[in-house]
Amino acid sequence: MATGTEPPATEPQPRNGGVRTGTRAAIAAPHLRTDRWWLAPAATAAGLLAFVVYSTWRALANADYYAAPYVSPFYSPCLAENCEPMKAGPNWELFGSWWGLSPAIIILIFPLGFRLTCYYYRKAYYRGFWASPPACAVAEPHAGYTGETRFPLILQNIHRYFFYAALLVAGILTYDTVLAFRDQDYNWGHMGLGTLVFLVNIALIWAYTISCHSCRHIVGGKLKHFSRHPVRYRMWQWVGRLNARHMQLAWASLLSVALADLYVYLVASGVFDDPRFF
């Protein structure tokens with residue numbers, strides 16, 4: 001029975017595959033959306049690109065990343081011998097004098113790997129950069145789709161392992177935040193504006209990390225009867241509530257870690273002194 005959406009029998013079939021095959025409804029327009037659907041992927045691409053440019057510049061700078069008692073989260077833990085000396089700080093000289101590059105390159109692979117394979121960030125940069133798809137009800141321009149079954153996207157499946165590394169990094173950044181309750185002479189019992197910046201950053205880092213889908217699975221996955229595991233069930237509920245805000249936490253923590261690094265850079269480069277509350 002005709003529905004009025006079948007293409008005419010004489011119309012040549014498209015050859016580029018994807019959604020534009022002979023089975024597609026006979027609609028001349030690429031899509032029927034009339035709103036500004038491109039704003040969301042454009043804003044996502046702009047935000048992620050800005051962070052990539054800034055973090056790359058800071059990671060390669062190898063300077064102005066420590067102003068006692070604050071250390072940039074991009075450089076913590078500092079694993080090379082060429083790191084700035086930080087009293088009681090995260091100086092672990094695992095890489096000797098042969099390492100001549102910025103020490104940030106060693107450690108950033110772990111938090112960046114966690115974020116790049118994160119389920120939300122996949123959606124963000126798939127839509128923002130690869131147009132796969134650019135928006136709901138907007139066809140992607142690619143002829144074929146293999147998902148995450150081939151290299152390199154198959155590497156997205158190691159997200160759960162990056163989660164464990166992210167836990168370790170978050171623990172080290174928590175240690176850095178505790179050290180931020182010192183003054184520039186390493187005396188305890190002091191708090192500056194930088195301490196507050198670090199507190200906000202670590203709170204958002206932890207919230208983003210434990211709201212991860214992998215964390216939710218670790219806490220409550222593979223349980224057939226929640227009633228037999230009340231503690232894990234309660235934890236699963238808590239993580240689930242955070243998981244519902246995973247997108248917001250992803251952006252907030254991305255912004256906070258960049259601002260924490262920027263604050264350390266401004267203090268270390270002498271732009272201003274760290275204001276002290278007590």
Side-chain angles (χ1 to χ4, degrees), residues 18-19 30-31 33 35-59 73-74 104 107-167 169-170 173 200-218 239-262:
V19 297
H31 56 79
R33 292 189 62 169
D35 62 321
R36 296 180 180 179
W37 58 267
W38 48 269
L39 276 179
T44 297
L48 292 177
L49 184 61
F51 179 81
V52 168
V53 172
Y54 173 79
S55 60
T56 301
W57 166 61
R58 287 293 293 137
F74 289 173
I107 191 61
L108 278 181
I109 184 61
F110 299 106
L112 285 180
F114 177 61
R115 288 185 181 266
L116 284 174
T117 58
C118 165
Y119 291 109
Y120 167 69
Y121 280 113
R122 295 186 208 181
K123 170 188 172 183
Y125 61 74
Y126 282 4
R127 288 191 171 190
F129 292 100
W130 296 345
S132 181
C136 293
V138 178
E140 58 181 273
H142 311 290
Y145 179 74
T146 59
E148 296 170 347
T149 61
R150 298 181 181 178
F151 183 84
L153 295 185
I154 196 172
L155 297 178
Q156 302 281 27
N157 295 311
I158 63 176
H159 175 64
R160 69 192 68 179
Y161 303 108
F162 273 119
F163 169 73
Y164 298 116
L167 284 179
V169 172
L173 296 182
V200 172
N201 178 56
I202 196 57
L204 291 172
I205 289 291
W206 274 114
Y208 166 66
T209 303
I210 64 177
S211 69
C212 170
H213 297 74
S214 293
C215 180
R216 192 167 183 258
H217 176 74
I218 291 171
V239 174
R241 293 191 186 98
L242 282 175
N243 182 259
R245 300 287 184 269
H246 197 51
M247 178 186 73
Q248 293 88 339
L249 291 171
W251 281 105
S253 60
L254 192 73
L255 179 61
S256 71
V257 74
L259 289 177
D261 172 81
L262 178 62

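If you're wondering where the values come from, they're calculated on a predicted model, not measured in any experiment. Sequence positions, counted from 1, serve as the residue numbers for this chain.
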Q | Y121 side-chain N/O to A250 backbone N/O, donor-acceptor pair under 3.5 Å | A | yes

**Q.** Closest non-hydrogen atom pair between F129 and A45, with its separation
**A.** CZ-O, 3.5 Å

Q: Would you name the heavy atoms of L155 and T117 that are closest together and state the gap between them?
A: O-CG2, 4.2 Å

(Q) On a heavy-atom basis, which atom in P134 and which in V138 lie closest, and how many Å separate them? (A) CG-CG1, 3.6 Å

Q) Distance from Q156 atom CD to Y126 atom OH, nearest 0.5 Å? A) 4.0 Å

Q: Taking all non-hydrogen atoms of both residues into account, name the closest pair between S211 and L249 and its distance.
A: OG-CD1, 3.7 Å

(Q) Using only atom types and a distance under 3.5 Å, with no angle test, would you say the side chain of D261 pairs donor to acceptor with the backbone of P73? (A) no

Q.
Is there a ring-ring contact (aromatic ring centres under 6.0 Å, His included) between Y120 and H246? Walk through the geometry before answering.
A. CA-CA 7 Å; Y120 167 69; H246 197 51; 7.3 Å; no

**Q.** Given I107, L108, L112, the one that forms side-chain contact (heavy atoms from CB on, under 4.5 Å) with F74
**A.** L108

Q. Any donor-acceptor pair under 3.5 Å linking the side chain of Y125 with the backbone of L116?
A. yes

Q) Between CG of L204 and OG of S253, what distance do you get to the nearest 0.5 Å? A) 6.5 Å

Q. Would you say the side-chain atoms of R127 pair up with the backbone N or O of A135, donor to acceptor, closer than 3.5 Å?
A. no

Q) Around Y161, counting heavy atoms of other residues, nucleotides and ligands shown, do more than 12 lie under 6.0 Å from its OH? A) no

**Q.** R33: salt bridge (Lys or Arg N to Asp or Glu O under 4.0 Å) partners, not counting sequence neighbours
**A.** D35

Q) Any idea which heavy atoms bring A258 and Y54 closest together, and the distance? A) O-OH, 3.6 Å

